[in-house]
Amino acid sequence: MIKLQPVRGTQDLIGVEALRHRRVIDTARRIAALYGATEWITPMFEATAVFSRTLGDTSDVVTKEMYSFEDRGGESITLRPEGTAGVCRALVTNGLTQSLPQKVFYAGAMFRFERPQKGRYRQFHQIGLEILGADSAVADAEAIACGEQVLHALGIDRGVELNINTLGDPESRDAYRTALINFFSAYVDRLSADSKLRLQKNPLRILDSKDEGDLALVARAPTIHDYLTTQARDFYATLKARLVDLGVEFVENPRIVRGLDYYNHSAFEFVTTMLGAQGTILAGGRYDVLVELMGGPKVPGIGWAAGIERLSMLIDEPVRPRSPVAVIPMQDTLESLACSVLRDLRAVNIPAEMAYRGNAKRRLERANKSEATFAILIGADEASRGAVALKNLADGTQREVQIADLPDVLQ
RNA sequence: GCGGACGUAGCUCAGCUGGUAGAGCGCCAGGUUGUGGUCCUGGAUGUCGUGGGUUCGAGCCCCAUCGUUCGCCCCA
């Protein structure tokens, strides 16, 4: 006997869980359309290079956390760990760099080989928005406004805060990086073990350490704002002004950073306190050199992504669609008539179903459990008059209705 | 990759200091012929996550393993 178990970090979405999932996607797609975005559906796997080129060698993300394998043709394939790279690849391979800007919405499964945690799975799902080919800060503001509106439409407002920051342009970033290294190097002995490593590999990451000792130092560390070039400063100022114009409330948080070098200028995160350590529910930033890194032309981009599993945990229970009318033949010989009734109802968009097993009592029990509001009892007596018994399952009343009148009565 | 907690019927859980398993809900069948939700009666549930070990004997102790969960790391 094979042990039937879902693969670690995967889950089945059944019933109300599937409804929640669906609602997040449908809502996000609808809101994204308000901003002019259209949906792209790109493959769930890509040539490994699509992801690895942009990630560089510094992070062990590539080697340890991607689902990469050789396919039967010997090509290195990777299950997409995020959505942006695939969208950028699609932009290039479809020649859409000739018709910029492009505003893209996507939703789908992503795969990362990580230790599962609350709201964190190995196959997880994201919604995302990308605006490609726009180098104006207005695009950043619009992307953020869109994210905010999605959260709002989902009813996730309470306890959610938008944090924004700028990473500057590459020049600003390099200067700041050097300044940080200088600052923290003077206090190496007071840094946590993790942050000592970060100081070597990725000094910016010290800024969002959770260690208390680190936090005390970080509070006194220089912020990027002292190292911004004029252009970077202007860009950030414009972003904030446009956010105000769009009615988006935000908090400036100089500790927001990104792990990878292709990010520049705007970085933002919507954070909640209601999900423990996994508090970031929607995050994004500007990536002006990503497409180029992948081997494409220079196309600036700004976008965000959000984990559907986390959003699902925060939304109210979706309203269930109305349960189908239960059609119940009282004897096997009336099954034929029942089928024609089912057909008539469905033809006018009235959900209707017939239980396949059991006697009338059993079928009525099932109808009740399915939360159907009506049952159509098909009996020989009524059938001889071209009618059926229509039972209201909520109050128990029952009356005879002509079969031809059913669609109108149930509409 | 690191640390803590947990894993008993479909679900939520109980099981005293080791003596071969229980409750509630759900499920199934009845309470007479074509009628649910309430009520009554009866019934089935399980190699106690899995594999080893200790013991006369383990759900309970030990080890391993798989999984869940909460953190750390990472976070594209």
Side-chain angles (χ1 to χ4, degrees), chain A residues 1 3-11 46 50-56 58-66 78-88 110-122 124 126 128 192-195 197-198 201-202 205 208-211 214 257-263 269 275-280 283-285 287 290 293-294 303-305 307 326 328-334 355 357-383 388-398:
Chain A
M1 188 68 169
K3 201 197 293 182
L4 291 177
Q5 217 174 33
V7 172
R8 174 167 205 175
T10 66
Q11 59 173 349
E46 298 272 355
V50 169
F51 304 108
S52 61
R53 275 210 209 170
T54 59
L55 294 170
T58 48
S59 72
D60 44 31
V61 162
V62 179
T63 53
K64 293 180 182 166
E65 295 181 11
M66 292 204 307
T78 295
L79 302 185
R80 64 181 179 196
E82 53 105 13
T84 306
V87 167
C88 290
M110 310 291 163
F111 306 84
R112 295 181 190 179
F113 190 82
E114 294 181 293
R115 186 80 173 257
Q117 278 180 49
K118 187 183 187 71
R120 178 164 161 172
Y121 302 89
R122 288 184 173 179
F124 62 104
Q126 287 188 326
S192 65
D194 283 329
S195 285
L197 282 172
R198 291 187 183 111
K201 294 170 63 178
N202 201 344
R205 275 287 171 197
D208 62 0
S209 168
K210 288 170 185 167
D211 182 87
D214 290 349
V257 294
R258 288 286 106 103
L260 300 170
D261 287 338
Y262 59 71
Y263 284 106
E269 298 179 354
L275 288 178
Q278 309 299 318
T280 301
Y287 47 90
L290 177 62
L293 273 176
M294 284 175 47
W304 54 255
I328 303 172
M330 305 310 287
Q331 325 155 9
D332 289 349
T333 51
L334 293 166
R357 304 184 347 186
N359 54 21
K361 177 184 161 115
R362 177 99 181 84
R363 295 188 190 205
L364 212 43
E365 270 174 18
R366 287 231 70 87
N368 194 56
K369 264 170 214 142
S370 76
E371 294 178 344
T373 45
F374 287 99
I376 292 171
L377 304 173
I378 299 182
D381 289 355
E382 295 90 337
V388 295
L390 179 65
K391 189 179 183 77
N392 181 325
L393 291 170
D395 59 24
T397 59
Q398 186 172 322

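All chains are named by letter (A, B, ...) in the order of the sequence lines, taking the proteins before the strands, and each is independently numbered beginning at 1.
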Just N and O in the side chain of [X]: are any of them under 4.0 Å from OP1 or OP2 of [N]?
X	N	result
R120(A)	rC74(B)	no
K369(A)	rC27(B)	yes
R8(A)	rU68(B)	yes
K118(A)	rC70(B)	yes
K210(A)	rC72(B)	yes
R115(A)	rC72(B)	no
R205(A)	rC73(B)	no

Name the nucleic acid region contacted by [X], choosing base, sugar-phosphate or nothing; use a 4.0 angstrom heavy-atom cut-off, strictly under.
X	result
R363(A)	nothing
F111(A)	nothing
D211(A)	nothing
R198(A)	sugar-phosphate
Q331(A)	nothing
Q11(A)	nothing
A380(A)	base
M66(A)	base

With rounding to whole Å, what would you report as the distance between [N] and [M] at their [atom1] atoms?
N	M	atom1	result
rG4(B)	rA44(B)	C1'	39 Å
rC70(B)	rU47(B)	P	27 Å
rU20(B)	rC25(B)	C1'	27 Å
rC6(B)	rG15(B)	P	13 Å
rC13(B)	rG46(B)	C1'	15 Å
rU8(B)	rG22(B)	C1'	10 Å
rC66(B)	rG49(B)	C1'	7 Å
rC48(B)	rU32(B)	C1'	42 Å

Which residue lies toward the 5' end of RNA chain B, R122(A) or R258(A), if each is placed at its nearest nucleotide? R122(A)

Closest-nucleotide ordering on RNA chain B, the 5'-leading residue of Y262(A) and G9(A): G9(A)

Side chain of [X]: nearest nucleotide among [options]?
X	options	value
E382(A)	rA76(B), rC28(B), rG34(B)	rG34(B)
R362(A)	rU35(B), rA29(B), rA76(B)	rA29(B)
E65(A)	rG36(B), rA76(B), rG34(B)	rA76(B)

[X] [atom1] - [N] [atom2] separation (whole Å):
X	N	atom1	atom2	answer
Q117(A)	rC73(B)	CD	P	10 Å
F374(A)	rU35(B)	CZ	C1'	16 Å
R112(A)	rC75(B)	CZ	P	10 Å
L390(A)	rG36(B)	CG	P	17 Å
M330(A)	rG34(B)	CE	P	7 Å
L377(A)	rG36(B)	CG	C1'	10 Å
L197(A)	rC74(B)	CG	P	9 Å
I328(A)	rG36(B)	CD1	C1'	8 Å

What do you reckon, is CG of D332(A) surrounded by more than 12 foreign heavy atoms closer than 6.0 Å?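 At most 12 heavy atoms, drawn from other residues, nucleotides or ligands, come within 6.0 Å of this atom.
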
Under 6.0 Å from the CZ atom of R198(A), do we count more than 12 heavy atoms belonging to anything else shown?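 Count over threshold, so yes.
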
Whom does [N] pair with, Watson-Crick or G-U wobble, provided both distances fall under 3.5 Å?
N	answer
rU17(B)	none
rG1(B)	rC72(B)
rU50(B)	rA64(B)
rG10(B)	rC25(B)
rA44(B)	none
rU35(B)	none

side-chain hydrogen bond (donor to acceptor under 3.5 Å, both in side chains) evaluation trace for D395(A) with T397(A): CA-CA 6 Å; D395(A) 59 24; T397(A) 59; 2.7 Å; yes

Which is it for V50(A) and M294(A) under the side-chain contact (heavy atoms from CB on, under 4.5 Å) test, yes or no, and what are the steps along the way? CA-CA 6 Å; V50(A) 169; M294(A) 284 175 47; 4.2 Å; yes

Can you name the atoms? Protein N/O to nucleotides 37-41 of chain B N/O, anything below 3.5 Å, with the distance.
residue, atom, partner, partner atom, Å
rG37(B), O4', N368(A), ND2, 3.0
rG37(B), N2, A394(A), O, 2.7

Expected rows: protein N/O vs nucleotides 10-12 of chain B N/O, under 3.5 Å:
none

Are the side chain of [X] and the backbone N or O of [Y] linked by a donor-acceptor pair below 3.5 Å?
X	Y	result
R363(A)	G358(A)	yes
R205(A)	S195(A)	no
Q331(A)	T333(A)	no
R122(A)	F111(A)	no

Output one line per pair: protein atom, nucleotide atom from nucleotides 43-45 of chain B, and distance, for all N/O pairs under 3.5 Å.
none

Out of curiosity, E269(A) CD to W304(A) CH2, how far, rounded to the nearest 0.5 Å?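 Spacing of CD (E269(A)) from CH2 (W304(A)) equals 14.5 Å.
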
Side-chain donor or acceptor of Q398(A) under 3.5 Å from a matching atom on the base of rU35(B)? yes

